[in-house]
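What follows is a set of notes on a single structure, which appears directly below.
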Amino acid sequence: MPSDQQVPSKFSGYAALQKGLEVSKYEYEPGPLQPRDIDIRVTHNGLCHTDIHMTLDDWGVSKFPFIPGHEVVGYVAAKGSEVRHLEVGDRVGYAWIKDSCHGCQNCYTGHENLCLKGYTGLITGGGMGGWQNYMRAPAYFAFKIPDGLDSVSAAPLLCAGVTVYAPLKRLITKPGTRVSVIGIGGLGHLALQFAAALGAEVTAISTSPDKEAEARKFGATNFVVGEEGCKAISGTQDVVINTVSSKNDYEAQMALLRPDGTLCIVGLPVDKITVGVLDVVFNQKKICGSIVGGRSDMAEMLQFAAIKGIKPQCETMPLSQVNEAVQKVLANKARYRIVLVNDS
Ligand code: NAP
Ligand code: ZN
């Protein structure tokens, strides 16, 4: 555990100042610590494609300036007077959700990702996420990281991990369920591991032929590339999970399903879903989406990953090289998650 350094009065990191890919050095005063908040001395951040969608304002919800980073690991450096479940020095993770109403049925059952009043995102609305030396946020959504899990491996589980674990757990109802994962990136390579651990027969669908050996190592027993590859498995899959960050042919993805199968979309390109009514109705196919996970899924996922030995495959880069790291993700060259290590 790092020493008890004083929390500085100014926090500094890398902010998106306006719409675009580049982030720049940024400093601000967080003000007085509120009773339910903690300050985290940030050590690691997974670089999720959502951080890139947000700096580009792809979804029209970004407010500038903001500091990206929502797969955050660090140590509690200070805590407000009402924080009971954490101590200074605890190693914690922080993810996409910063706050919620705490009163609706979904919050009450730990499904704050579906808060009926709408949750607050860590980096939406001008929020200051993990790409900084210290981060302030409500303690309620900080998760203790189990001792056996190193900080590099823990970071990507906090967004990518829970985002694929939660729907796979709902959709894999029996051993041998045939699951295809489309897009073997940060989310996709974890989806292969979780699906295999949940007892599925797993196919990886990729645009990158060089990912085959690793996809098989992650748990895929089948690996297909492009239209031709998909034809070979047409009409055979119970579940298809789409983790692609760019535009998709959803009709072609529906064609992979058996009757009664489900296409689950977690990838978030700016796109429209257009599929044929006849395929949906006559074959009783379903389309669903899934958004991160609440505290309940998060706790369960961290435990499941620990028991099954599921870990992301990461490359580390210093936070000061975050702009280079973003270019690498955009070029689809990351294998499979870049974790930014704080070097400030
Ligand atoms: P990523 O690491 O960049 O992986 C995306 C993968 O999509 C790539 O590795 C690539 O896999 C595939 N791909 C196909 N065509 C591509 C193209 N033209 N450009 C880039 N990639 C392409 O991204 P990620 O962090 O896993 O995130 C994936 C998506 O999920 C993003 O849209 C992100 O915003 C979204 N997301 C959603 C949630 C949620 O709660 N629903 C949570 C987190 C992230 P192959 O090489 O195998 O083809
Ligand atoms: Zn994310």
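All figures in this text were calculated on a predicted structure; none of them were measured in a lab. As the structure lists them, so they are numbered: ligands from 1, and atoms in each ligand from 1. FYI, side chains are in, hydrogens and waters are out, and symmetry mates aren't considered; it's all heavy atoms of this structure.
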Run the ring-centre check on [X] versus [Y] and record whether the distance is less than 6.0 Å.
{"X": "Tyr140", "Y": "His102", "answer": "yes"}
{"X": "Tyr165", "Y": "Phe304", "answer": "yes"}
{"X": "Tyr336", "Y": "Phe218", "answer": "yes"}

Neighbouring protein residues of ligand 1 - any heavy atom closer than 4.0 Å: Cys48, His49, Thr50, His53, Trp59, Cys159, Thr163, Gly183, Ile184, Gly185, Gly186, Leu187, Ser206, Thr207, Ser208, Lys211, Thr243, Val244, Ser245, Ser246, Val266, Gly267, Leu268, Ser290, Ile291, Val292, Val329, Asn332, Arg337
Name the atoms and distances for all side-chain donor-acceptor pairs under 3.5 Å in residues 119-126, with sequence neighbours left out.
residue, atom, partner, partner atom, Å
Tyr119, OH, Trp96, NE1, 2.8
Thr124, OG1, Gly121, N, 3.3
Thr124, OG1, Gly121, O, 3.4

Geometric cation-pi criterion, Arg91 with Phe143: 6.0 Å, 45°: no
Any Lys/Arg nitrogen of [X] or [Y] sitting under 4.0 Å from an Asp/Glu carboxylate oxygen of the other?
{"X": "Glu228", "Y": "Lys231", "result": "yes"}
{"X": "Arg216", "Y": "Glu212", "result": "yes"}
{"X": "Lys144", "Y": "Asp90", "result": "yes"}

ring-ring contact (aromatic ring centres under 6.0 Å, His included) involving His111 - partner list, sequence neighbours excluded: none
Protein-derived N, O or S atoms lying under 2.8 Å from the Zn ion (ligand 2), waters excluded: 3
